[in-house]
Student: 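Here it is, the structure, as structure tokens.
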Amino acid sequence: MTDTASLLLNWYDKHHRILPWRITPAEQARGMAPDPYRVWLSEVMLQQTTVEAVKAYFNKFTSQWPDISALAGASQDDILRAWAGLGYYSRARNLKACADKIMAGHGGVFPRELAGLRALPGIGDYTAAAIAAIAFNLPHAVVDGNVERVVSRLFCLTTPLPAAKAEIRIRTQGITPAERPGDFAQSMMDLGATICTPKRPSCFLCPLNEHCLALKNDEPQRLPLKAPKAEKPLRTGMAFVAISENSRVYLQKRPEKGLLGGMSEVPNYFAPGADKADLSRAPFATDWRYQGDITHVFTHFTLVLAIYRADNLPEHSDTGGWWVAVDKLKGEALPTVIKKAVAQVLPTAFNNTERKPADRNA
DNA sequence: TAAACGTGGTC
DNA sequence: TGACCAAGTTT
């Protein structure tokens, strides 16, 4: 084992984070083993998503669907409803497809080989290696954004990302130990998340500070270098909140693929440079009233929607959608941008009505 | 290879 | 306060 791996594992034994999906080194010593289902679920949820955002969703999913069989028994719509708000909804669609494939093609058991994992929907290079290392203790190089940052600094690699990925992978493989590769992978990610942070790294606390070439040669916070990002264009449009004579809201389903694929929505239209007052874009003709704009920032564009409202509509059923009571909207598969649009008209629609015990007598 | 694909938090 | 960032994958 390299000095680096040894130092990092010792640091991890003392300073590892406690996370709902994690088996700690002490628990492993007592014979507990990671559940591949929980490792997989957490890794998919954590793709481009913060630990804090994932915790509640992970707990909800594992309560509702404790194993791969239970998850495969759920419908895609069930899963999208539970995933709503977490973003990158293709992950939820692939989660269902992956569960189905494991049940139908692998006897309900996760493959242990990297290639078998890599072939499953929603599992790419990172997630395949992470599952193999964490769940099966196989010494694969697990390279996520944290590891890219740690390794770039440790070896002072000055090629900008993403071109540097190949070299980072080789360097990571070179320091990955045959013993405890799962803990090693998690130690690299914990180090990146808590010490070797993007902006002001705490190098004085770092177990690798005497080995870090960026710290020796340079300012580590400058690394990794990254290629410049494309500018974010603006799209404009309209969203239509239709309320029936029974105080229900009109929803429809988005196409299965692409932006917010498979999720539910209120009728809307947007495009670069689109008119925000073109009522021919409404799902049906009625007395639409303008309620102000909302702005929502996606990864690759900014969206400004003019919100329109109509009331006391008959609950027609000939336009492909359905009507949902306001107090049931929380349970629908609505992405955040659509919740914003609805909340512009119905500000309390998504309020948390749960009360903490202490509030009950207040 | 580059673009599509969400959201919420931080400084 | 807008830009950047977070355990990436797919096409």
Side-chain angles (χ1 to χ4, degrees), chain A residues 16-17 19-22 38-58 80 83-95 97-98 117-135 140-150 160-163 165-166 168-169 172 182 184-194 196-201 221 224 226-235 254-263 265 295-303 333-340:
Chain A
H16 64 81
R17 291 176 289 173
L19 300 170
W21 46 87
R22 176 173 282 177
R38 293 166 63 89
V39 173
W40 163 69
L41 179 61
S42 65
E43 290 301 341
V44 172
M45 287 184 166
L46 286 161
Q47 290 165 7
Q48 296 291 287
T49 308
T50 58
V51 163
E52 282 310 310
V54 166
K55 284 178 179 172
Y57 284 86
F58 179 82
L80 284 176
W83 197 277
L86 199 53
Y88 283 149
Y89 298 99
S90 67
R91 294 184 295 171
R93 303 194 300 275
N94 284 330
L95 201 71
C98 184
L117 291 165
R118 183 66 181 79
L120 292 166
I123 298 184
D125 290 337
Y126 162 76
T127 304
I131 295 170
I134 297 169
H140 294 294
V142 179
V143 183
D144 74 328
N146 288 303
V147 175
E148 287 176 349
R149 186 169 58 255
V150 170
L161 286 168
K165 281 175 180 286
I168 291 172
R169 174 171 306 283
T172 305
F184 177 78
Q186 295 178 91
S187 75
M188 292 280 279
M189 295 191 275
D190 277 21
L191 188 75
T194 63
C196 194
T197 51
K199 296 193 175 164
R200 298 178 40 169
Q221 66 274 15
K226 295 192 175 182
K229 292 175 183 168
E231 63 180 90
K232 194 168 288 195
L234 178 67
R235 297 184 196 177
R254 291 184 61 81
E256 286 298 323
K257 293 190 173 181
L259 184 73
L260 308 173
M263 299 292 282
E265 65 181 4
T295 298
H296 189 77
V297 181
F298 291 94
T299 305
H300 53 303
F301 65 95
T302 297
L303 178 62
L334 297 176
T336 297
V337 60
I338 298 299
K339 289 181 180 174
K340 279 189 197 174

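The chains referred to below are lettered A, B, ... by the order of the sequence lines, with proteins before strands, and numbering in each begins at 1. Side chains included, hydrogens not; waters and symmetry mates left out as well; all remaining heavy atoms used. Keep in mind it's a predicted model, so treat the numbers as computed, not measured.
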Student: Counting only side-chain N and O atoms of R91(A), is one of them less than 4.0 Å from OP1 or OP2 of dA6(C)?
Tutor: no
Student: Between P121(A) and V51(A), name the one whose nearest nucleotide on DNA chain C is closer to the 5' end.
Tutor: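 The residue closer to the strand's 5' end, by nearest nucleotide, is V51(A).
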Student: Choose from dG8(C), dA7(C), dC5(C) the nucleotide whose nearest atom is closest to any side-chain atom of Y88(A).
Tutor: dG8(C)
Student: Heavy atoms, side chains only, cut-off 4.5 Å: are E148(A) and K165(A) in contact?
Tutor: yes
Student: Would Q47(A) and R91(A) satisfy side-chain hydrogen bond (donor to acceptor under 3.5 Å, both in side chains), going step by step from the backbone distance to the final call?
Tutor: CA-CA 9 Å; Q47(A) 290 165 7; R91(A) 294 184 295 171; 4.9 Å; no
Student: Please work out if P162(A) contacts a base, only the sugar-phosphate, or nothing of the nucleic acid, heavy-atom cut-off 4.0 Å.
Tutor: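 Here P162(A) touches no strand at all.
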Student: Using a heavy-atom cut-off of 4.0 Å across all strands, would you classify V54(A) as base, sugar-phosphate, or nothing?
Tutor: nothing
Student: Checking side-chain polar atoms at under 3.5 Å, does Y126(A) have a donor or acceptor matched by the opposite partner on E43(A)?
Tutor: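 Note: Y126(A) and E43(A) side chains meet the donor-acceptor criterion.
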Student: With a 4.0 Å cutoff (strictly under), does any side-chain N or O of H300(A) reach OP1 or OP2 of dA4(B)?
Tutor: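 Result: no.
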Student: Among the candidates dG6(B), dT10(C), dA6(C), find the nucleotide nearest to the side-chain atoms of T50(A).
Tutor: dA6(C)
Student: Tell me what W40(A) touches on the nucleic acid: a base, only sugar-phosphate, or nothing, going by heavy atoms under 4.0 Å.
Tutor: nothing
Student: Measure distances between side-chain N and O atoms of T49(A) and base N and O atoms of dG8(B), and say whether any donor-acceptor pair falls under 3.5 Å.
Tutor: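 Side chain to base: no pair present.
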Student: Among the nucleotides dG8(C), dA7(C), dC5(C), which one has an atom lying closest to any side-chain atom of Q47(A)?
Tutor: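 Minimum distance to the Q47(A) side chain belongs to dG8(C).
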Student: Quick one: on DNA chain C, does T127(A) or R149(A) contact a more 5' nucleotide (nearest heavy atom)?
Tutor: R149(A)
Student: Assign each of A230(A) and K340(A) to its nearest nucleotide of DNA chain B by heavy atoms, then name whichever residue's nucleotide is nearer the 5' end.
Tutor: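 Final value for this comparison: A230(A).
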Student: By nearest atom, which of the nucleotides dC5(C), dA7(C), dT7(B) is closest to the Y89(A) side chain?
Tutor: dT7(B)
Student: Base, sugar-phosphate or nothing for G258(A)? Non-hydrogen atoms, less than 4.0 Å.
Tutor: sugar-phosphate
